[in-house]
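The next block holds one structure in the form of structure tokens; read it before the comments.
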Amino acid sequence: MSAVTTDTTSEKIATGKARQARIVGGVLIALALLVLFVLDVGAGQVATFKLSRPRDAIVLGDLVVPGQPFNLVAAALLAFLGVRQFLRGGVRWTSISLGVGLAILVMAFLVWATADKSFSLTGMLQATMVRAVPIALGGLAGVLCERVAVVNIAIEGMLLAGAFTGALIGSLLGGWGGLVAAVLVGGSFGLILAALVVTFRMDQIIAGVVINLFVLGLTSYVSSQVFAEVRSLNNAPVFRAWKIPLLGDIPVIGPMLFNQNLFVYGALILVAVATYYLFHTKGGLRARAVGEHPRAADTLGVDVYWTRYVHVTLGGMVAGFGGAWFTLGSVGRFDENMTGGRGFIGLAAMIFGRWHPVGALSAALIFGFADSLQQKLALLNTPIPSEFLAMAPYIATIIVVAGLIGKARAPAADGKPYVKE
Amino acid sequence: MSDLSSINEQMRSLLARTARGRSEFEDLVVVPVFAVVVALIFGMLVMLATGVDIATIGKSFVALAKGSLGSVNALSETLTAAIPLVLAGLGLGLGFRAGLFNIGAEGQVLLGGTAAVIFGFTFHSLPFAVLMPLSLLAGAIVGGLYAAIAGALKAATGAHEVITTIMLNLISFKLLDYLLRQPYIQKEGRADPISKSVPDAAQLPRLLDWLDPNLRLHAGLFVMLAAVVLVWWILFRSKIGFAFRASGENPHAARYAGMKSGLVIVAAMGTAGALAGLAGASQVLGVLGRASPGFSADIGFDAIAVALLGRSHPLGILFAGILFGGLEAGGRQMQVDAGVSIDLIAIIQALIIVFIAAPLLVRAIFPWGFARKSKGGSEV
């Protein structure tokens, strides 16, 4: 009996995968047609990509791409990948084809948008990294919380609290003081979330939403009540970029990775540390056990409540650090609701990154790319209305969350309160 | 011997029943009242912390009461503010019952309202009896379809509705910016994004203009009351409502009982979105008269609090919506009279939900006034 059930289940999965493969194939063929007819570059037009800036130590020549041939090849490749999906064995290539296909689409789009103009590739990569920082840190905060089975919708509020504290305390005590305060405030909201969901067993989603509403209300209230009157309280110093000697001079990737401010380096280091901690230390193993099977962890002597408190608070601290980026890392001034949904995008990055710090960072880079792309494209005067370009990161989030959820697996106990017996 | 134990048994069951009655009363009355009072006190502390002096705090609380209940105008403003909150809150509550946490009401309100405006000025030659109801309907349909996107994504791929609805919110803001600049929609001769006005025949008539032309209470009140009854009927008397509640309580059991979970998700999201769209439509057709960026003014987010406070029950949502409408109207008065930012109201609202959603927390803060719970026993 059970054997029969297993058979039908695996059959179901197989047909599901086949269907998915066909859908992806259809999408890829549609993209090929899109490149062929919509992103159609006139004959003889070239797209110029600048690889370095005039004052760089090593100056590379411009990359000049002939538009029409490039996009014809791109369309042909997309069509090939699409048709490949319908043939035998297409199932195995589904995710690779989709990834490669989307990359080709982005390249074709860039060539089309820059036809007869020039575009700084280095500048965009650098902006990508900068814009990925709050998303990556938000995603990392999410990883730390969800690995111990606490769903943290409050990342947005924690980022906002960090941004606000950074501006306020930064104005009073200077950048470092603001940074420390932002981390502490982020951590205290983490502690509040942990108390609400672990001790008081409040619904995790509601607790998160409430923290978001509360932080939004409080920061907006203070900024309209106090900051509007006393401007000197909202004028924090900004951490400038520190160029790492030699490495910062590498063409193209140098400015992206080695000529950035504290927050970029901090995010990269935190991702590395979190990865090592979660997957290579005893503490990380216990944390993951609490997320997968709290009862078993409890039986083996891991204090489930304590573990959750610690990790959610740590997650809040990471989010507070990410929040400080908005003020201390970029403009030095707090505006109402200035995080603008980055915390939620961070949550999506965490899911896309399969609950892994490195995955969350990679996903954040993709969102950062979409974000900086829409900024740069607004300068290129493409026929697409700027509002639609501004939607790109959000649409990307939806596609990612919808398209990859089947493969990603959340920690087994995610979102469930644990009641000790 | 056996007599004694049976009496004991009876006593215990009787006690359990009274204790349970007591705790239901606590849940529905004591906890909400505590929540509101504590949130107001905390609001006072926030004002103190930001350097507002005691006299101004007193003045602002007087203004809060006066602006929400103190006059016919105040009552009219309270109810006017409550109409969209209750409508959107009903949708969200229905979603909660079906186990869906829809954060997208804001976007659904925006797009529903915009659709009602566009429909209104496009068919401006139609008579009132046709145009007004159809404009409302247009808002409901567009709101419903927009929410159904998130429902369909969840049903088809399992994408979490919290993230997709938030993204749909952000997309709707940009979409509205774009739409309001289109020549067909933008008001003639204006450079800023603002829509044409709704013709008179599409507007919800004002109810109290015979008393004073400034009273803004409009016929959306009846739409709201009808929606309360309708949602109650859907949830507790209809088959689809049973399916909503069953999938909310236990999705696996619902699936084994033969309910189509995907269909239930899409239907529940669609209904919720339709109610939010109706909220937007009643706001533009009854109060604003046109669409502009951000005209929803956080109705969709406040409605989350309304639905939670009302325990996802239509009647509860009605009362919660009126309470929040009062806070809104009183908060505006407070801003005018005492110069205290209306953002304070948002803090108070958030705190109210914390206390409502975490009864254990209220019990921890106020150990007195609650029946002592013996461990385990009375829980069942």
Side-chain angles (χ1 to χ4, degrees), chain A residues 151 153 156-157 192 195-197 199-203 205-226 228-230 336 340-341 343-345 347-348 351 385-406 410, chain B residues 43 46-47 49-52 96 101 103 149-150 152-154 156-160 162-164 166-179 181-182 298 301-302 304-305 308 339-354 356-364:
Chain A
V151 173
I153 295 283
E156 175 78 5
I192 292 172
L196 287 177
V197 303
T199 304
F200 297 112
R201 268 175 258 140
M202 193 169 160
D203 183 292
I205 305 257
I206 294 177
V209 169
V210 161
I211 290 181
N212 290 337
L213 285 177
F214 178 77
V215 172
L216 181 60
L218 190 66
T219 54
S220 304
Y221 170 76
V222 176
S223 86
S224 62
Q225 194 78 16
V226 180
E229 308 258 317
V230 194
E336 280 183 31
F344 298 118
I345 298 181
L347 216 55
I351 295 172
S386 65
E387 288 91 353
F388 286 95
L389 292 176
M391 282 179 206
Y394 311 137
I395 295 175
T397 307
I398 292 183
I399 293 174
V400 161
V401 173
L404 285 128
I405 206 86
Chain B
V46 169
M47 282 199 269
T50 50
V52 180
F96 295 162
F101 204 79
I103 306 202
I149 297 175
L153 284 170
K154 182 171 175 108
T157 67
H160 201 292
V162 170
I163 293 176
T164 51
I166 288 167
M167 292 303 135
L168 288 172
N169 277 347
L170 295 166
I171 290 170
S172 74
F173 301 156
K174 300 290 175 200
L175 191 61
L176 183 66
D177 284 349
Y178 172 74
L179 288 175
R181 286 193 185 282
Q182 296 313 297
D298 285 356
F301 295 118
D302 294 344
I304 298 172
L308 291 175
V340 173
S341 165
I342 195 164
D343 292 317
L344 184 72
I345 299 296
I347 305 176
I348 293 176
Q349 289 173 342
L351 287 166
I352 292 177
I353 318 170
V354 176
I356 296 289
L360 282 177
L361 181 65
V362 181
R363 276 169 220 267

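In this structure a side-chain-to-backbone donor-acceptor pair under 3.5 Å is present from A:Gln225 to B:Ser341.
Using a 4.5 Å cut-off on side-chain heavy atoms (C-beta onward), A:Tyr394 and B:Asn169 make no contact. Side-chain contact between B:Met167 and A:Phe344 is present, with heavy atoms from C-beta onward closer than 4.5 Å. Side-chain atoms of B:Val340 and A:Tyr221, non-hydrogen and from C-beta on, do get closer than 4.5 Å to each other.
The part of A:Glu336 that comes within reach of chain B is its side chain, from C-beta onward, which places non-hydrogen atoms under 4.5 angstrom from that chain. Only the side chain of B:Ile103 comes within less than 4.5 Å of a heavy atom in chain A; its backbone stays farther off. Interface remark: B:Ile347 contributes backbone and side-chain atoms alike to the contact with chain A (heavy atom separation under 4.5 Å). If you measure heavy-atom distances from A:Val226 to chain B, the contacts under 4.5 Å come from the side chain alone. Using a 4.5 Å cut-off between heavy atoms, B:Tyr178 contacts chain A through both its backbone and its side chain. Looking at B:Leu308, the atoms closer than 4.5 Å to chain A (heavy atoms on both sides) all sit in the side chain, from C-beta outward. Only the side chain of A:Val209 comes within contact range of chain B, judged by heavy atoms closer than 4.5 Å. Residue contact with chain B, scored on non-hydrogen atoms closer than 4.5 Å, involves the backbone and the side chain of A:Leu218 alike. Only the side chain of B:Ile163 comes within less than 4.5 Å of a heavy atom of chain A; its backbone N, CA, C and O stay farther away. Contacts between B:Leu153 and chain A at a heavy-atom distance below 4.5 Å involve the side chain alone, from C-beta outward.
In this structure, B:Phe301 and A:Leu213 approach most closely via the heavy-atom pair CB-CD2, 4.4 Å. For the residue pair B:Leu170 and A:Gly341, the shortest heavy atom distance occurs at CD1-CA, 4.3 Å.
With rounding to the nearest 0.5 Å, the separation of CG in B:Asp343 from OG1 in A:Thr219 is 8.0 Å. Here CE of A:Met391 is found 4.5 Å from CG of B:Leu175. Values are rounded to the nearest 0.5 Å. Put simply, CD1 on A:Ile345 and CD1 on B:Ile166 are 10.0 Å apart, with the number rounded to the nearest 0.5 Å.
Annotation: maximal heavy-atom pairing with chain B below 4.5 Å, among A:Ala348, A:Ser220, A:Gly340, occurs at A:Ser220. With chain A as the partner, the residue from B:Ile149, B:Leu344, B:Asp302, B:Thr164 showing the most heavy-atom pairs under 4.5 Å is B:Leu344.
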Stepwise side-chain contact (heavy atoms from CB on, under 4.5 Å) check, A:Ile398 with B:Leu168: CA-CA 8 Å; A:Ile398 292 183; B:Leu168 288 172; 3.9 Å; yes

